[in-house]
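Note that these values count all heavy atoms, side chains included, but never hydrogens, waters or copies made by symmetry.
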Amino acid sequence: MQLPQTLTSISHSALESLSQSETLNHWPEALKQQLSYVAGLSQFITDTLGSDEVLLHDLPAMLDEPSRYENYRERLALQLSQCSDEMQGHRVLRQFRNREMVYIAWRDFTASWPLEQSLEHLSQLAEAMIFETYQWQYKACCELWGTPTNAQGETQPMLIIGMGKLGGGELNFSSDIDLIFTYPENGETQGVRRSIANAQFFTRLGQRIIKALDQQTFDGFCYRVDMRLRPFGESGPLVMSYAALEDYYQEQGRDWERYAMIKARVMGSEMYPEYQELRQMLRPFVFRRYIDFSAIQSLRRMKSMISSEVRRRGLSNNIKLGAGGIREIEFIAQVFQLIRGGREPSLRQRSLLATIDAIEALEQLTPQETEHLRTSYKFLRRLENLLQAMADKQTQTLPESELEQLQLAIAMGYSQWSQLLNDVQQHMAKVHAVFATLIGEEEEEEHDIAQHFTELWDMAAKQDVLEHILEHDIKTEDPQQMAQTIIQFKQDLAKKTLGPRGREVLNKLMPKVFSAIYSHQDAKFGLSRVLHLVHKIATRTTYLELLDEHQAALVQLVRLCTASPMISEQLGRYPILLDELIDPQQLYNPIPLESYRTELRDFLARIPEDDMEQQMEALRQFKQICILKIAAADIAGVLPVMKVSDHLTYLAEAIVESVVHQAWLQMAAKYGEPTHIKGREGKGFAVVGYGKVGGWELGYNSDLDIVFMHDCPVNVYTDGKKEIDGRQFYLRLAQRIIHIFSTRTASGILYEVDTRLRPSGASGLLVSPTDAFEEYQRKEAWTWEHQALVRARMIYGDAPLQRTFAQTRQEILSLERDEAKLVKDVSDMRVKMRDHLGGKKVGRFMLKQDPGGITDVEFLAQFLVLRYSHQKPKLTRWSDNVRIFESMMAQGIMSEGAAMALTHAYTTMRDQIHHRNLLNLDSDVAEGKFVKERELVMKLWHEWLE
């Protein structure tokens, strides 16, 4: 074993520090020759020998033992049993690990054993360290918290399942160890004063084992411990019982978890009997009884993720992840295990080489292909071990420095790097040829969606990768924030119970979702809203499939959610609305104004009239569907603001009628009907709308300001078995109506209802007799109550009540008033209202309450009606501001210019509020907005009221 001149000088300087030790003089000459060779290749070996005199003394004897792993456990158990504290135990573990790793590296560099023995020693060493650490810490934990037992009092162990290469007995030199912790049964600890639950005991035990192996100390560390393969990953409990584990894998196990579980192996041979029960439970999850071709697609996806990462991080010279690397050989073996392992027991092996033998025996690949895989695997794994043993670093990337390239070439038995590199490339090309034939590349469908959207989903755990895709491939602003949003979404999704079908649909759907989001110019708003919605519906696979199968529905969804958080919240809260997205023609065509009543009747007709709960739920659903359609048309610009309000108002009126009808049926069933309405069409009952509903000006979030009236004479009773006073009947009817409106069902409440505008306010009767209403308006009502009457109209009621109310309203509004008192009352009320409601924001114009805002316009309209109606009775006809200003113009009270300008100011500000409603924003804008409109309103206010 000769080193070239370049490496000889490295060897000499490395040995200088070792030659100080007397111990080295006692080494046999042949071993010293090996040392000078190895010292030129591995800094890890010389560093460890230089810091460990015991190892320097023991190594010659160690190298005479070809199967050292046979007594790893006994030797480590003895050393740990002599430790007085945790710190000492940690030191013992690290020294034991480093000494045995020097032994393994020495044999690797001197090529004095086959690859299989090297992998066996590495795997057995890790198992011994994990299991003896468990034994040592289990005992310590029992002393602190008692011994964990089941309901029968039987002691419970913790099983440590080794995954990946550790489970397969093929660990590499500087590998992480992937573990899952589990225990047979729940119960409590015994033998101490305060017992704790088994779950708590084993969690603490698991944490101590991880710390013992993983923590960096003065002596280094033993292994990087990776627990992310456990159920629910990082967000899941550290330790789970058998039952919880079984539930998880049967209900939520993902394809990659099946793939990982093939190699699972329990640590410690004495745990094998305990493990058999668990293994039997998990077998149906890992190996399907039928031939499972769906596995190919999921493996192809996993490979696609790896390829993306290789490309992005420039990992082409990576012998594990690059094309034709170790990972592809593992994938090939796994394909046959997952597809046919349920039928072929010979494919259920953990060892990769044994699996390749089984594949060949079953004639699934040609002898030439399996030979390529075998020789390439051994070659690349030996190369990987030597690469890592040079400095005990976890790497699979071929070195770039010439010195390291030469060291690696010599260690592999080549005289120069170019020869080694040529063989590496040939081996990887042969592997990739088998891989491409078997697994192929992604299907066409994957290519329909730009590859980077698929990657965005697949790589949604790596901030740097996502930022790169978002910035360079998709070219969005703020890639950092967006990457965090996507990662958080995927983490939150991992905590949900999704079946295999749900996850499969999500994997197909999410790239399409990203594609739809990022084709929108406001993707920065849309991303979080759409993901919030998908998170809400993730457990309802039918909805995911609906979006996956209907591209148009998905595009509508993204469009609406991007435009309006109000809509995304509604859809998230009530996913039944997603059905409405399927037909865009329907979606953007709200129900014609005159058809709301009949549409609602049809909608409710499918539910029995006496099923109160279902009726209430259906009313809410109907309202939400209609609002979705109105908002969609609003966003699309199909409906101007006045029409939006018309639709929302007609919808409310239809619902009021239906609610009155439902409440009436319930009351009549209990008490019969008041006798004064016999032979009359109608119920002798009315609902008067005030404010926005009275003025046909409802917004998306508006309350209903309503007053109830009846014309029931005194001394009238109902005609049911349980007879009650007629006026009492109407009072209970009103209470029932309010109950139907405000009860919270699965679909929320129907409307917030405010009845405080009734005579005498909250202290007055809930339902006013018509004569009492008129008397109150004439004799007791304040000016502001007459102002409110300007914006009032009957939204439900039969003909006699309609006539009575219209007459009362017209007479009251047409009363002649003292102008000075009217000006003072209206102005005082405006100031009072602004003080009470006008929460001011610095630098913002409050659209409703600030001077020149909407309320000023409304007060102006009300003032003018009250001031001039005794001269011009036609001014009382309308209850909405726009038509009031038209009347003012027609009756010569206001110039055409002023009326038109006021109407324009009013409608543009209302339009702004509508759109801020859709965006879930408050009704305020920057101070510099609507300056001309506000100045005009204040000028007219000054003219008329000051």
Side-chain angles (χ1 to χ4, degrees), residues 684-697 704-712 754-830 832-833 855 857-881 883-888 890-891 893-894 944-945:
F685 179 78
V687 181
V688 177
Y690 278 76
K692 287 195 173 65
V693 69
W696 284 283
E697 289 160 5
L704 294 187
D705 289 305
I706 51 179
V707 167
F708 301 119
M709 295 172 72
H710 67 75
D711 58 3
C712 181
D754 191 337
T755 60
R756 288 173 300 178
L757 285 174
R758 64 187 187 265
S760 304
S763 61
L765 288 170
L766 186 58
V767 192
S768 297
T770 47
D771 51 358
F773 179 81
E774 184 191 6
E775 191 176 354
Y776 176 84
Q777 290 291 345
R778 280 188 190 283
K779 296 182 179 172
E780 293 178 52
W782 299 73
T783 302
W784 67 263
E785 290 178 284
H786 289 170
Q787 281 181 249
L789 199 57
V790 172
R791 307 247 294 157
R793 66 190 175 87
M794 191 168 284
I795 57 174
Y796 172 83
D798 55 16
L801 279 161
Q802 292 272 13
R803 285 193 296 274
T804 305
F805 174 75
Q807 189 179 344
T808 299
R809 178 176 174 274
Q810 209 236 342
E811 285 173 7
I812 299 299
L813 296 183
S814 301
L815 292 171
E816 188 170 353
R817 291 172 171 83
D818 177 331
E819 185 173 359
K821 182 178 183 306
L822 180 64
V823 167
K824 183 178 185 310
D825 285 352
V826 172
S827 299
D828 287 353
M829 190 61 196
R830 182 70 199 96
K832 195 173 177 182
M833 196 170 174
T855 309
V857 179
E858 292 172 343
F859 268 54
L860 256 173
Q862 292 157 20
F863 166 78
L864 292 169
V865 170
L866 296 178
R867 167 72 182 81
Y868 291 104
S869 292
H870 70 285
Q871 298 167 353
K872 315 266 186 183
K874 286 182 178 174
L875 292 177
T876 65
R877 182 178 176 194
W878 297 111
S879 58
D880 64 292
N881 294 306
R883 282 184 291 200
I884 287 172
F885 291 131
E886 284 174 4
S887 303
M888 292 293 160
Q891 297 297 314
I893 305 292
M894 194 180 264
W944 291 104
L945 281 142

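Rounded to the nearest 0.5 Å, atoms CG (D825) and CH2 (W782) are 9.0 Å apart. Rounded to the nearest 0.5 angstrom, R793 CZ and R877 CZ are separated by 13.0 Å. To the nearest 0.5 angstrom, L801 atom CG is 9.5 Å from F685 atom CZ. Here the CG atom belonging to L945 is positioned 10.0 Å from the CZ atom belonging to F859, to the nearest 0.5 angstrom. S814 OG to K872 NZ: the interatomic distance, rounded to the nearest 0.5 Å, is 13.0 Å. Put simply, CG on D880 and CZ on R791 are 8.5 Å apart, with the number rounded to the nearest 0.5 Å.
Taking both residues in full, the closest heavy atoms of Y690 and A788 are given as CD2-O, 3.4 Å, listed atom of the first, atom of the second, then distance. Contact between S879 and A792 at its shortest, heavy atoms only, is CB-O, 3.8 Å. Scanning both residues, M888 and V865, for their nearest heavy atoms gives CE-N, 3.6 Å.
At a threshold of 4.5 Å between non-hydrogen side-chain atoms, the residues F885 and V857 count as touching. For the pair F863 and S827, the minimum side-chain heavy-atom distance is 4.5 Å or more. Counting heavy atoms from C-beta on, the side chains of T783 and K821 come closer than 4.5 Å. Side chains of L766 and T755 form a contact here, defined as non-hydrogen atoms less than 4.5 Å apart. Within the 4.5 Å cutoff, the side chain of R778 has heavy atoms near those of the I812 side chain. By the 4.5 Å heavy-atom criterion applied to side chains, E858 and N881 are counted as neighbours. With a 4.5 Å cut-off on side-chain heavy atoms, I795 and I706 count as touching. Contact of the P769 side chain with the H710 side chain is registered, since non-hydrogen atoms from C-beta on lie closer than 4.5 Å.
S869 contributes no side-chain N or O that, together with a main-chain N or O of L866, makes up a donor-acceptor pair within less than 3.5 Å. Side chain of D798 to main chain of G684: a donor-acceptor pair is present (N/O by atom type, distance under 3.5 Å, no hydrogens or angles).
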Derivation of the side chain to side chain contact (heavy atoms under 4.5 Å, CB included) call for L789 and L813:
CA-CA 8 Å; L789 199 57; L813 296 183; 4.1 Å; yes
Trace of the side chain to side chain contact (heavy atoms under 4.5 Å, CB included) decision for E774 with Q777
CA-CA 5 Å; E774 184 191 6; Q777 290 291 345; 5.8 Å; no
Criterion side chain to side chain contact (heavy atoms under 4.5 Å, CB included) on T804 and D711, from CA distance to verdict:
CA-CA 9 Å; T804 305; D711 58 3; 5.9 Å; no
Go through it in stages, so that I can follow the logic: the residues are S768 and Y776, the test is side chain to side chain contact (heavy atoms under 4.5 Å, CB included), and I'd like the CA-CA distance, side-chain angles, deciding distance and then a yes or no.
CA-CA 10 Å; S768 297; Y776 176 84; over 6 Å; no
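Both the sub-6.0 Å distance and the 45° axial angle are not jointly satisfied by R867 relative to the ring of W944.
In this structure, Q891 places its CD atom where more than 12 heavy-atom neighbours from other residues, nucleotides or ligands lie under 6.0 Å away. Atom CD of E816 has 12 or fewer neighbouring heavy atoms from other residues, nucleotides or ligands inside a 6.0 Å radius. No more than 12 heavy atoms of other residues, nucleotides or ligands shown are found within 6.0 angstrom of CZ on R756.
Of the listed residues (Q862, R809, R817), just one forms a side chain to side chain donor-acceptor pair (under 3.5 Å) with H786, and that residue is R817. Paired with D828 under the rule side chain to side chain donor-acceptor pair (under 3.5 Å), one option of K824, K832, R830 passes, and it is K824.
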